[in-house]
Amino acid sequence: MLEKIREIFAQVDTAPIESAEQLEQFRLAYVGRKGVIADLFEGLKTAPPEDRRAIGAELNNLKNLALNKFAEGRDRLETLQAGVAQPAPVDLTLPGYPNEVGAMHPLSIVRARIVEIFGRIGFNVSDGPEIEDDWHNFTALNFPPNHPAREMQDTFFIEKNPDVVLRTHTSNVQVRLMENGKPPFRSIMPGRVYRNEAISARAHCMFHQVEGLYVDRNVSFVDLKQTLYHFSREMFGKDIKIRFRPSFFPFTEPSAEIDINCLICKGSGCNICKHTGWVEIGGSGMVDPSVLQNCGIDPEEFTGFAFGMGLERMANLLYVIRDLRLFTENDIRFLRQFGPVS
Ligand code: PHE
């Protein structure tokens, strides 16, 4: 009988289970109640009593082998049927997956350059909240309540509380800086601002400004002009031309808009400069004495200048980008073109 068991052992061991039919054949032949192993268990009853223990042990081994092989074959066929591929053997000679390296966002590059240029002439960086109260965004900056000047900046109000707005400019940081410290102040304030404008190639409801503030004794318009002239040359190159146009802001007096010559058409006229050869990059002026007063600074003792420039506008000029929406679409083909800060 032991010999018979060994024979079946070999059969079970080599029986192929590669299809549903073979699995069923295997089950009928070895696992089922009418199979050969069940017969052998039946035969055990008539074996000589002194041999039963040894034969029983062998039979149990045989039965376990058949059951395991059946279960393994069934699982394997099921997985194949579910369409789950068996894991391919690892080929260590294949080249690795490329490791994609990110690039800095063009606005971050421009921001870093501006921070660096002003850092070298003694300006530090200040930060402030994007959700702001009326005082810091408007009233302290000389926008009287209900004054049409507030209409210049299409404000997003937080509906439930008209005192809370998304800041329309980074000038709120000027106010916070002056309220919380003592002159001299020499600081720039880069940040995100919001205005309720329809999104197009030329306008967005969210964009970035860099504001600057210099308050000390004897600060004059000459300092303002020289600072911005120096900045423009560092930012756009030695040959850049800069021009100041008289303008109006409630918080500066006198006020001027800052233009540089169009880097895209080099002055010959294009859509970006509306065929004038000049592009506005921001506003500026001498801080209005009443703003200094609102922030607890004596305008008899101190004077100051401020400016605010658009980051997107500068990036457009430097990289010849004609559509503002590209900055926020996160198209990897666009972003990949900009290297890290040199
Ligand atoms: N805050 C102004 C704006 O957003 C820009 C500005 C800043 C003008 C500082 C003058 C001085 O339009």
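All of these numbers come straight from a predicted model, not from anything done at the bench. Counting starts at 1 for both ligands and their atoms, following the listed order.
Side-chain contact between F221 and P254 is present, with at least one heavy-atom pair separated by less than 4.5 Å. Contact of the M189 side chain with the D127 side chain is not registered, since no non-hydrogen atoms from C-beta on lie closer than 4.5 Å.
Close approach of ligand 1 to A306 is summarised as follows: ligand atoms under 4.0 Å from at least one heavy atom of the residue are 9 (C), 11 (C). For ligand 1, the atoms lying closer than 4.0 Å to a non-hydrogen atom of F307 are 7 (C), 9 (C), 11 (C). Contact atoms of ligand 1 toward S171: 1 (N) (distance under 4.0 Å to a heavy atom of the residue).
Using a cut-off of 4.0 Å between Lys/Arg side-chain N and Asp/Glu carboxylate O, R195 and D154 are scored as not salt-bridged. For the pair E132 and R176, the salt-bridge criterion is met [side-chain N within less than 4.0 Å of a carboxylate O].
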inquiry  = Does E58 form a salt bridge (charged side-chain N to carboxylate O under 4.0 Å, His left out) with R53? I'd like the steps, not just the answer.
reply    = CA-CA 9 Å; E58 282 302 308; R53 177 183 276 265; over 6 Å; no
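Assignment of M286 to the shell around ligand 1 is not supported, since no heavy atom sits closer than 4.0 Å. Within the 4.0 Å heavy-atom cutoff, Q209 counts among the residues contacting ligand 1.
One N or O on the side chain of N261 and one on the backbone of K241 form a donor-acceptor pair closer than 3.5 Å.
Remark: of the listed residues I260, I114, L107, I114 is the sole one forming a side-chain contact (heavy atoms from CB on, under 4.5 Å) with M314.
With a 4.0 Å heavy-atom cut-off, ligand 1 is reached by the side chain of F251 but not by its N, CA, C or O. Here S255 has no heavy atoms under 4.0 Å from ligand 1, in either its backbone or its side chain. If you look at R195 next to ligand 1, the close heavy atoms, those under 4.0 Å, all belong to the side chain.
Polar contact with ligand 1: present for H169 (N/O pair, distance under 3.5 Å).
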